[in-house]
Amino acid sequence: MNYLIALSVPMLWGSTYAAVGLFLQDMSPYWVAVWRALPAGLVLLMLRPKLPPLNWGRMTLLSFCNIAAFFVLLFIAAYRLPGSVAGTLGATMPLQLMLLQWVGEGKKPDPRSVLLAVVGLIGVGLLLNPSADLDPIGTLAALAGTALVAQSAIWMKRWPVNDALSFAAWQLVLGGIMLIPFAWFVAGAPVALSVDALPGLLWLVLLNTAFGYWAWVRSVKILGPNVMSMLSLVNPVTAVMLGIGLVGESLGLLQWAGIGLILVALLLMKKTSGKGRKMNHEMNHQEGIDLNEQSKNSVSVR
C-alpha cells in the first residue's frame, strides 16, 4: 500500500501538463500556480484545522523552497526550454539528492543507487528526446528547482513531523500566499475563471495537488527521499502516456526503450531498498538482543 500511494504522486503530477493543455491554456501559468497551491492547502487545512507541526521558521523555509520558489523556477524553465529538455533536467533529482546528502550529511552515495539513477536518467532522455540547444538561464532554473525539491525532501525526512496532512496543508497555504505578489507583478490582476476551466482546476486542486502533496509528504517520511526521487521518473512517463491517450501521439522504438530502462531502474530500486530495510530490521533486532543481554548481565552483577 505504501508503494501504491507513493507511485500515485508522480502519476498525478505527470497529469499536470494534460490538465493545463486541455482546460487551462487561456489562464496565466503564474496564476494557475497560485490556484493550484493555495486552494489545495485550504482544503487540507479544513480537513485538519490545526497549527503547523513545525516552528514557523522551518515551515516558511520549506514552503518557500518546495512550493513558491520551485513553481517560479519551474515556469522560468518552461518558458525558456523545450518541455523535453526541462523534463530530462528534472530527472536529475536522484543524482542531485545523493550529492546533497553527501555534501550536507557526509553520506557517501551507494554505487548501485548511482547506477540506477543514471540508468533512469538515460531512460528519460530516450523517452523525451531532448534537443542539444540549451538556454543557460532555463537550464539553471530547471536544475535549481529540482535541487530545491531534493533539499526539501531531505529536511522533511530529518525534521520531526508526525502529521503529514497538516504539514502538506501549511506548505501549500504559505507557498500559495508567497506566490500571489509574484503572479500579480508578472501577470497582472487575476481574471475571472471560466466554466470551461473548472474541470481542469478541480483536478489540479483536489487530486493533483491536495492529495498529491499529502501523499508526497507521507511517502518521504515512510519510504525516504531517495526512493521518492527515483519514483519521480514516472512523472514524464505518465505525461507521455497521457499524450498518447488524449492527443493521439505515438512513440518510436527509442522512446519505448526509454520507458523500459526507467521501469528496470525502478524495479531494481524496489528490490535494493527492500533488502536495505530488511538488513536494517535485522540489525535493529540484533541490537535489541545485545541490549537485553547486557541488561541481564548488569542485573546479575548487582
Side-chain angles (χ1 to χ4, degrees), residues 1-24 32-33 35-37 39-48 62 66-67 70-71 74 87 90-91 93-94 97 116-117 120 123-124 127 146 149-150 152-153 156-157 161-172 175 199-246 259 262-274 277:
M1 179 60 71
N2 289 333
Y3 272 95
L4 288 177
I5 293 175
L7 191 59
S8 72
V9 176
M11 294 179 69
L12 285 170
W13 290 352
S15 71
T16 304
Y17 315 102
V20 171
L22 290 173
F23 299 102
L24 305 173
V32 169
W35 301 137
R36 179 187 178 190
L42 293 174
V43 168
L44 294 181
L45 204 55
M46 285 189 291
L47 295 175
R48 189 66 57 84
L62 268 173
N66 207 27
I67 305 297
F70 170 68
F71 280 0
L74 178 70
M93 185 178 175
L97 182 68
L116 292 178
V124 172
L127 173 64
T146 303
V149 174
S152 298
M156 285 192 290
K157 179 64 176 178
V161 176
N162 298 320
D163 190 345
L165 191 64
S166 176
F167 192 43
W170 279 103
Q171 280 193 68
L172 290 166
L201 201 58
L202 287 173
W203 173 265
L204 283 184
V205 170
L206 298 178
L207 285 173
N208 181 288
T209 307
F211 178 84
Y213 270 90
W214 165 79
W216 165 258
V217 171
R218 179 187 184 275
S219 300
V220 167
K221 296 298 291 185
I222 294 176
L223 300 178
N226 296 83
V227 170
M228 290 308 297
S229 69
M230 283 295 293
L231 287 178
S232 69
L233 300 177
V234 176
N235 187 317
V237 175
T238 302
V240 169
M241 299 308 290
L242 285 175
I244 295 174
L246 299 177
I259 292 177
I262 294 171
L263 294 178
V264 167
L266 292 177
L267 288 173
L268 292 177
M269 177 274 300
K270 172 71 166 56
K271 184 176 181 181
T272 301
S273 62
R277 283 196 302 275

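Quick caveat, the model's predicted, so the values are computed rather than measured. Position 1 is the first residue of the sequence, and the numbers go up from there.
- Within the 4.5 Å cutoff, side-chain heavy atoms of I259 are placed close to those of M241.
- The closest side-chain heavy-atom distance from Y213 to F167 is not below 4.5 Å.
- For the atom pair CG of L268 and CG of L263, the computed distance is 11.0 Å after rounding to the nearest 0.5 Å.
- Listed here is the closest heavy atom pair of M230 and L266: O-CD2, 3.2 Å.
- Here the closest non-hydrogen pair linking G90 and T146 is CA-OG1, 3.5 Å.
- Sequence neighbours left out, the pairs with a member in residues 220-240 that pass side chain to side chain donor-acceptor pair (under 3.5 Å) are Q101-N226.
- Once rounded to the nearest 0.5 Å, the distance linking CE of M156 with CZ of R218 reads 14.0 Å.
- Counting non-hydrogen atoms of other residues, nucleotides and ligands closer than 6.0 Å to CH2 of W35 gives a total of 12 or fewer.
- When all heavy atoms of T209 and L204 are compared, the pair lying nearest together is OG1-O, 2.7 Å.
- Side-chain contact annotation: R48 with S166, donor-acceptor N/O pair under 3.5 Å absent.
- Between W216 and F211, the ring centre distance reaches or exceeds 6.0 Å.
- When all heavy atoms of V9 and G212 are compared, the pair lying nearest together is CG2-O, 3.8 Å.
- The nearest pair of heavy atoms linking L44 to A168 is CD1-CB, 4.0 Å.
- In plain terms, the two heavy atoms of Q171 and L62 that are nearest each other are OE1-O, 4.0 Å.
- Applying side chain to side chain contact (heavy atoms under 4.5 Å, CB included) to M269 and the options V264, V227, L233 leaves one that passes, V227.
- Of the residues listed (L172, T16, L201), the one engaging R36 in a side chain to side chain contact (heavy atoms under 4.5 Å, CB included) is T16, and it is the only one.
- Put simply, CZ on F23 and CG on L202 are 10.0 Å apart, with the number rounded to the nearest 0.5 Å.
- Looking at N2 and S219, their side chains never come closer than 4.5 Å, going by heavy atoms from C-beta outward.
- When the side chain to side chain contact (heavy atoms under 4.5 Å, CB included) test is applied to S15, the partners found at least two apart in sequence or on another chain are W203, N208, L242.
- W214 is listed as a side-chain neighbour of I5, based on a closest heavy-atom distance under 4.5 Å.
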